[in-house]
Amino acid sequence: MPELPEVETTRRGLEPLLIGKEIAGFEIRQPSLRWPVEETLLARLEGQRINALGRRGKYLLILADAGSLLLHLGMSGSLRFLEAPRPPATHDHLDLVFAGGARLRFTDPRRFGSLHFTDSPENHWLLRHLGREPLGEAFSSEYLRRCARGRRVPIKQLLMNSRVVAGIGNIYASEALYRAGIHPRRASGSVSPARFGRLVESIKLVLREAIEVGGTTLRDFVDGDGRPGYFQLALRVYGRAGEPCRSCGRPIRQIVLGQRATYYCPGCQR
DNA sequence: CTAAGGACCTGTCGGC
DNA sequence: TGCCGACAGGTCCTTA
């Protein structure tokens, strides 16, 4: 569920709560996540203070001097900050425990999420081959055009390729293509230079909007039930099969691309 | 190298 | 009401 804007909202919400906290230890109830959680490695963070929270694509980084925690929320993961211990519920797989008793609790019914220790995030195998940050300066229409050159894969799948650009998920791929007027099935290499410009702008716009809305309307990370909730961002095509396009009125279509539901307007997207 | 499909896991929903 | 299959916001890995 968590798309990039939600991970960024999580990062921003947690950062003021976590900075300066001393890590006392970990309570791991279910180490079997996407990859096995290695408790002995995590232990290297005991006694460390948290310096900052970072994000790379949809990966969240909790940084300390001796190393960092690298966390992914997968499809169904969420984090919440507890001021004091509280009995864990079914899918509360692990707690990061701080000196003084507060904790950060990771919940993830589907267990597609992950937690790693790394002393060099930029070289970690999960991050090493990630493409550019979609909100970064370096993610430009020239860059995307270069990545697309000669490729026949549908443009939507190119956007969801993490080696090209990090963290564009299924919802925002459809939304950005709609705003750019590009058919999701169009061969990547056949998108015109001008349209790559529109596409990159659309990606940045839709992500920024979602982060803004998420930051202002959503979520308290303290206690609560930890349900992430969804962004109030008005989705223009995602999940709207059969409903009228807000621009031209034609019914939004749903197709499958790369085994993922894909939505577009047959009138507005070419 | 590119592209396609499988794998991992649980919860929810629609149809019969 | 109960059961069963399809599907869900991710993404790495294997195979062709």
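Chain naming here is simple, since letters A, B, ... match the order of the sequence lines and numbering starts at 1 in each.
Remark: the separation of the C1' atoms in C/dT11 and B/dT12 is 23 Å, to the nearest Å. Across the P atoms, B/dG6 and C/dA6 are found 14 Å apart, a figure rounded to whole Å. Remark: the separation of the P atoms in C/dT1 and B/dG11 is 22 Å, to the nearest Å. Comparing C/dC7 with B/dG5, their P atoms are spaced 15 Å from each other, to the whole Å.
One interatomic measurement links the two molecules: CG of A/Leu130 to P of C/dG10, which rounds to 14 Å at whole-angstrom precision. What separates CG of A/Asp108 from C1' of B/dG11 is a distance of 12 Å, to the nearest Å. Spacing between atom NZ of A/Lys156 and atom C1' of B/dA3 amounts to 16 Å, rounded to whole angstrom units. Put simply, NE2 on A/His129 is 15 Å from C1' on B/dC1, counting in whole angstrom units. Taking atom OH on A/Tyr263 and atom C1' on C/dC7, their separation rounds to 10 Å, with Å as the unit. Residue A/Leu4 contributes atom CG, which lies 9 Å from atom P of C/dT11 at whole-angstrom precision. Between A/Arg260 atom CZ and B/dA4 atom C1' there is a gap of 15 Å when expressed in whole angstrom units. For the pair A/Arg110 CZ and B/dT10 C1', the computed distance is 7 Å after rounding to whole Å.
Side-chain contact annotation: A/Ser141 with A/Arg145, donor-acceptor N/O pair under 3.5 Å absent. Side-chain N/O atoms of A/Thr107 and A/Arg80 include a donor and acceptor closer than 3.5 Å.
Side-chain proximity of A/Asn170 to the nucleotides C/dG10, B/dG6, B/dA3 is greatest for C/dG10. Candidate nucleotides B/dA4, C/dA8, C/dC12 were compared by shortest atom distance to the side chain of A/Trp35, and C/dC12 ranks first. Nearest to the side chain of A/Lys58, among B/dA3, C/dG10, B/dG11, sits C/dG10. When each of B/dA3, C/dT11, C/dA8 is scored by its nearest atom to the side-chain atoms of A/Tyr238, the top-ranked nucleotide is C/dA8. Here C/dC12 is the nucleotide among C/dT11, C/dA8, C/dC12 with the atom lying nearest to any side-chain atom of A/Leu126. In the set C/dG10, B/dG6, C/dC12, B/dG6 carries the atom at the smallest distance from any side-chain atom of A/Gln259. Among the nucleotides B/dC9, C/dC13, B/dA4, the one closest to the side chain of A/Phe112 is B/dC9. Here the side chain of A/Arg151 is nearest to one of B/dG11, B/dT2, C/dT11, namely B/dT2. Comparing B/dG11, C/dC13, C/dT11 by their closest approach to the side chain of A/Arg34 singles out C/dT11.
A donor and an acceptor atom never sit less than 3.5 Å apart when one is taken from the side chain of A/Arg111 and the other from the base of B/dT10. In terms of polar N and O atoms assigned as donor or acceptor, the side chain of A/Arg152 never comes within less than 3.5 Å of the base of B/dA3 in a complementary pairing.
Classification of A/Arg34 and A/Asp108 as a salt-bridged pair fails, no side-chain N sitting under 4.0 Å from a carboxylate O.
Between A/His72 and C/dT11, a side-chain N or O to OP1/OP2 separation shorter than 4.0 Å is present. A/Ser162 has a side-chain polar atom (N or O) that falls below the 4.0 Å cut-off from OP1 or OP2 of C/dC12.
Between the side chain of A/Ser188 and the main chain of A/Val153, a donor-acceptor pair closer than 3.5 Å is present. Under a 3.5 Å cut-off, the side chain of A/Arg186 and the backbone N or O of A/Arg270 do form a donor-acceptor pair.
A/Arg246 CZ: more than 12 foreign heavy atoms inside a 6.0 Å radius. In A/Glu137, the CD atom is not crowded: 12 or fewer heavy atoms of neighbouring residues, nucleotides or ligands sit closer than 6.0 Å.
In this structure, A/Val200 and A/Phe139 approach most closely via the heavy-atom pair CG1-O, 3.6 Å.
Consecutive Watson-Crick or G-U pairing (both distances under 3.5 Å) extending over three or more pairs maps onto DNA chain C as B:2-8 with C:10-16, B:10-16 with C:2-8.
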Given salt bridge (charged side-chain N to carboxylate O under 4.0 Å, His left out), test A/Arg128 with A/Glu122 step by step and report yes or no.
CA-CA 6 Å; A/Arg128 196 170 187 145; A/Glu122 58 274 25; over 6 Å; no
